[in-house]
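One structure below.
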Amino acid sequence: MRRPLGVTVHRHIVDSQRLHPEATGDLSGLLNELIVAGKTISAEVNMAGLADILGMSGKTNIQGEEVQKLDEFANRTIVRRMARSGYLCVMTSEEEDTVIPVEEGYEGKYTLAFDPMDGSSNIDVNVSIGTIFAVHRRRSATGQGDLADLLQPGRDQVAAGYILYGSSTMLVFTTGHGVHGFTLDPSVGEFYLSHADIRTPERARYLSLNTGNRPYWQPRVRDFFDMVNEPDADKGRPYSSRYIGSLVADFHRNLITGGLFAYPRDSRDAGKSHGKLRLLYEAAPLAMLIEQAGGRAITDDGRNILDIEPEDLHQRVPLIIGSKLDVDEAEEFLGS
Ligand code: P6P
């Protein structure tokens, strides 16, 4: 039986580019190169259980976290491919302390911030993990980019997305014209459009947060999550609780079904006094995606994630993200 002629991600990117006669094709090229890196990582993730790549590499990253071998592989795969793509002037990765230069002679007009393998602590227990990425236009004129090219607010992102390595490998991204999901057919090695123009339900079905940290949240935050757990038929409450502990997996489920994810700041841990999740390559790209899908993203004191001016590559922010009506309620309660 002939397979239906699915829309490949390359076809989707070409068709999207046609809507912008002024486009040079550089963003399309950048995304296509990143997709090749994603396919390479996906193949390795699927083999990780069999190869000796499981387990720790014996190193720690700037976050002081044990670096899993797949982290390293994913980081290396993206850096090597994108440094020579000709579309970037500079990169930053969760796995590298400082800015990552591109190859001399290959400087381009965009920047890339990425978390090569978020949720890596779940690798050894076979829980879905993911790569998250954000693209900005460079601010400097030419040559190698620098910190100023990377420290831009999420509102100025030109593209954002993630690759989810789960029961199937999915690519979900936006270039500012809706959110579209593609599923990898490993037998062909192609991503096919499976979720066109994703819209997240305006009311959350799931609540995703680590309630073990409740004693360490700010009192107002504790009050808010106590309040929203009270029965309220009009708002579909109490929520069902769903928390995998892998940001991309939790975000993706909530994007499709409607949900409220939160990682508030934590008074117990200096490293989490501004939250655990990183602004440039976690909160900001997911905030662009959720807004494009009809949802919202704020901090635990009611500021819009996309309006935050970054001060540091690895800056952490408290994050509340998901269905519009629930985030609106959080903003009103926490911002007042
Ligand atoms: P906790 C994974 O380590 C991660 O960075 C995110 O993927 C996830 O949402 C969060 O941390 C889980 O953190 O403290 O609940 O284990």
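When a ligand or atom number is given, it counts from 1 through the structure's own listing order.
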**Prompt:** Going by distance only, is there an N or O of Asp250 that falls short of 3.5 Å from an N or O of ligand 1?
**Reply:** no
**Prompt:** Can you find an N/O atom of Leu247 closer than 3.5 Å to an N/O atom of ligand 1?
**Reply:** yes
**Prompt:** If hydrogens are left out, which of Gly212, Ser120, Gly130, Gly245 has an atom nearest to atom 8 (C) of ligand 1, that is, the closest non-hydrogen atom?
**Reply:** Gly245
**Prompt:** What do you reckon, does Asp118 put a non-hydrogen atom under 4.0 Å from ligand 1?
**Reply:** yes
With heavy atoms of [X] as the reference, note each atom of ligand 1 found under 4.0 Å away.
{"X": "Asn210", "value": "1 (P), 14 (O), 15 (O)"}
{"X": "Ser246", "value": "7 (O)"}
{"X": "Tyr263", "value": "1 (P), 13 (O), 14 (O), 15 (O)"}
{"X": "Tyr243", "value": "1 (P), 12 (C), 13 (O), 15 (O)"}

Using a strict threshold of under 4.0 Å (side-chain N to carboxylate O), is an ion pair present between [Y] and [X]?
{"X": "Arg222", "Y": "Asp226", "value": "no"}
{"X": "Arg278", "Y": "Asp115", "value": "no"}
{"X": "Arg237", "Y": "Asp326", "value": "yes"}
{"X": "Asp149", "Y": "Arg139", "value": "no"}
{"X": "Arg242", "Y": "Asp250", "value": "no"}

**Item:** Working for ring pair (Phe, Tyr, Trp, His ring centres under 6.0 Å), residues His195 and His180
**Value:** CA-CA 6 Å; His195 298 70; His180 307 283; over 10 Å; no
**Request:** May I ask you to test the Met288-Ile305 pair for a side-chain heavy-atom distance under 4.5 Å?
**Result:** no
**Prompt:** Tell me: protein heavy atom nearest atom 13 (O) of ligand 1, and distance?
**Reply:** Lys276 NZ, 3.0 Å
